[in-house]
2 protein chains.
Amino acid sequence: MSLQMALLTLISSGGPRSGYDLNRDFEGILKFVWHAKPTQVYPELRRLAAEGLIREQAEGSRGRRPYEITEEGLRVLRDWLTTTSADHSQRNETVLRSFALWLVHPEEAQAFLREEMEYHRARLRGMRATKKGLDPGRPADRAALLGVEAGIRRLEAMVSWAEWAIDTVADWPADTGDALSGSGAG
Amino acid sequence: MSLQMALLTLISSGGPRSGYDLNRDFEGILKFVWHAKPTQVYPELRRLAAEGLIREQAEGSRGRRPYEITEEGLRVLRDWLTTTSADHSQRNETVLRSFALWLVHPEEAQAFLREEMEYHRARLRGMRATKKGLDPGRPADRAALLGVEAGIRRLEAMVSWAEWAIDTVADWPADTGDALSGSGAG
DNA sequence: AAGTGCATGTAACCGGTTACATGATTCT
DNA sequence: AGAATCATGTAACCGGTTACATGCACTT
């Protein structure tokens with residue numbers, strides 16, 4: 001359901017877009033918002049076209065199939081925004097793993113946290129670069145700036161959390177033997 | 001895959017737990033980390049037991065089936081933590097929707113953002129209450145505190161973002177007619 | 001001419017959701 | 001006695017991933 005809305009949002013905001021363009025968006029600006037593999041995107045575009053929510057334009061070079069949104073597609077998008085409420089279910093493997101960190105040696109826990117810190121710092125740099133590429137003069141970009149700002153703030157939260165967590169784990173008492181018996185790096 | 005690890009983490013950290021207990025955890029402390037419906041949890045527990053990663057204890061009152069983690073389960077959990085890296089793919093419908101907000105009237109955009117702000121504030125209160133219930137003297141709770149702190153920081157980021165976004169939308173130029181033609185509340 | 005990146009797809013499988021079903025225990 | 005909550009499950013379906021397949025265009 002929401003994949004359709006994600007595709008309609010991208011197509012409506014970024015002008016005519018092909019499956020390839022959309023896949024790049026999922027890897028770029030939408031990385032922390034929505035994701036889908038190419039094998040899911042292409043059939044879904046066909047379905048949206050069959051439902052009349054998007055329209056295929058003339059085939060471009062290299063077999064590109066650019067789509068544009070239809071009036072009906074816009075209507076459906078607006079309807080979704082105004083009459084349904086957002087699903088808040090989430091999955092975050094970084095945080096899931098942190099719940100289990102008492103089972104490994106502090107050095108291993110810190111190694112994990114450092115890796116996560118670096119990852120989120122890198123993504124944060126990417127997000128800030130993306131932000132610079134947006135034009136506040138364009139209505140669609142103004143909305144995109146809202147989304148990008150959310151991404152930046154969430155990434156900043158993760159980076160500062162990881163920094164704090166590394167310090168916190170350093171202060172954990174040794175717990176000689178019990179939780180870590182049988183652990184690899186013993 | 002990660003559902004198994006989520007279940008092992010909960011069972012290892014919280015003492016013997018039944019499917020019902022675990023479902024409550026998914027609705028509570030793990031709400032923003034991992035989620036699974038009861039219909040997925042019960043068969044998965046049977047599978048974990050068949051694989052020898054958890055062990056069923058004596059059936060309790062009301063048909064409760066409490067499980068405890070086995071040595072093999074602990075080994076698998078530690079192995080997952082130390083030899084594989086975290087999947088960072090995410091989906092966040094709140095932020096996805098914000099990318100499309102230029103398509104609706106500013107009042108509708110703000111109504112959405114206000115709703116999200118309230119939702120995240122409420123969840124933040126819940127997370128802070130959860131934090132108070134944890135005992136830093138217990139190793140498992142110390143790790144849980146890392147996870148809960150991540151949740152709090154992410155929720156704080158979302159609340160402050162929503163506040164900022166409401167103000168930002170208020171300053172958007174009117175864009176008389178173009179993007180909003182055909183929109184419901186015209 | 002070979003290698004890389006562009007660009008789209010199919011089929012099989014698995015993870016996850018929805019709808020449905022059952023019965024015991026506690027509370028009012 | 002009836003309602004609410006505890007507690008576990010099955011079956012069908014759908015959304016999403018993995019593995020595989022194809023061919024063109026641009027660069028070196």
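In the text below, chain A, chain B and the rest are named by the order of the sequence lines, each starting its count at 1. None of these values were measured; they are calculated from a predicted model.
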[X] [atom1] - [N] [atom2] separation (whole Å):
X: B/Tyr67; N: D/dA7; atom1: OH; atom2: P; answer: 14 Å
X: A/Gln40; N: D/dT17; atom1: CD; atom2: P; answer: 6 Å
X: B/Gln90; N: D/dG16; atom1: CD; atom2: P; answer: 16 Å
X: B/Gln4; N: C/dG16; atom1: CD; atom2: C1'; answer: 14 Å
X: A/Lys37; N: C/dA12; atom1: NZ; atom2: C1'; answer: 15 Å
X: A/Glu44; N: D/dG16; atom1: CD; atom2: P; answer: 8 Å
X: A/Glu93; N: C/dG15; atom1: CD; atom2: P; answer: 14 Å
X: A/Gln57; N: C/dA7; atom1: CD; atom2: P; answer: 15 Å

How about A/Leu45 and A/Ile11: do any of their side-chain heavy atoms sit closer than 4.5 Å?
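Yes; the side chains approach each other to less than 4.5 Å.
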Inter- and intrachain pairs under salt bridge (Lys or Arg N to Asp or Glu O under 4.0 Å), touching residues 33-44 of chain A, at least two apart:
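Every pair satisfying salt bridge (Lys or Arg N to Asp or Glu O under 4.0 Å) with a residue in residues 33-44 of chain A: A/Glu44-A/Arg47.
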Scan residues 158-172 of chain B for pairs that pass salt bridge (Lys or Arg N to Asp or Glu O under 4.0 Å), counting only residues two or more places apart or in two chains.
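Matches after skipping sequence neighbours: B/Arg121-B/Glu163.
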Going by atom types alone, do A/Glu116 and A/Thr94 pair a side-chain donor with an acceptor below 3.5 Å?
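Yes, because at least one side-chain N or O of A/Glu116 sits under 3.5 Å from a partner of the opposite role on A/Thr94.
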Assign each of B/Tyr42 and A/Arg47 to its nearest nucleotide of DNA chain D by heavy atoms, then name whichever residue's nucleotide is nearer the 5' end.
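Upstream on the strand: B/Tyr42.
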Not counting sequence neighbours, which residues clear side chain to side chain donor-acceptor pair (under 3.5 Å) with B/Ser85? List them please.
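Partners of B/Ser85 by the side chain to side chain donor-acceptor pair (under 3.5 Å) criterion come out as none, since no residue qualifies.
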For A/Arg128, give me all partners under side chain to side chain donor-acceptor pair (under 3.5 Å), at least two apart in sequence or on another chain.
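Checked A/Arg128 against side chain to side chain donor-acceptor pair (under 3.5 Å); matches are A/Glu156.
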Pick out the pairs of N or O atoms, protein on one side and nucleotides 20-25 of chain D on the other, that lie under 3.5 Å.
residue	atom	partner	partner atom	Å
D/dA25	O4'	A/Arg62	NE	3.2

Nearest to the side chain of B/Leu3 - D/dT10, D/dG16, C/dG16?
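That would be C/dG16.
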Would you indicate which nucleotide in D/dG16, D/dT17, D/dT10 comes nearest to any side-chain atom of A/His35?
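Out of D/dG16, D/dT17, D/dT10, the nucleotide with an atom closest to A/His35's side chain is D/dT17.
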Checking A/Phe26 now: which residues fulfil ring pair (Phe, Tyr, Trp, His ring centres under 6.0 Å) with it, not counting sequence neighbours?
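So A/Phe26 forms no ring pair (Phe, Tyr, Trp, His ring centres under 6.0 Å) with any residue.
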Got a sec? Which of residues 12-31 of chain B come in under 4.0 Å of DNA chain D, heavy atoms?
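By residue number: B/Ser18, B/Gly19, B/Tyr20.
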For B/Asp87, check side chain to side chain contact (heavy atoms under 4.5 Å, CB included) against everything at least two apart and list the hits.
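Partners of B/Asp87 by the side chain to side chain contact (heavy atoms under 4.5 Å, CB included) criterion, ordered by chain and then number, come out as A/Glu93, B/Ser89.
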Please output the side-chain donor-acceptor pairs of residues 135-144 of chain A that fall under 3.5 Å, not counting sequence neighbours, one pair per line with the distance.
residue	atom	partner	partner atom	Å
A/Asp135	OD1	A/Gly137	N	2.8
A/Arg138	NH1	A/Asp141	OD1	2.8
A/Arg138	NH2	A/Ser13	O	3.0
A/Asp141	OD2	A/Asp135	N	2.9
A/Arg142	NH1	A/Pro136	O	3.0
A/Arg142	NH2	B/Asp175	OD2	2.3

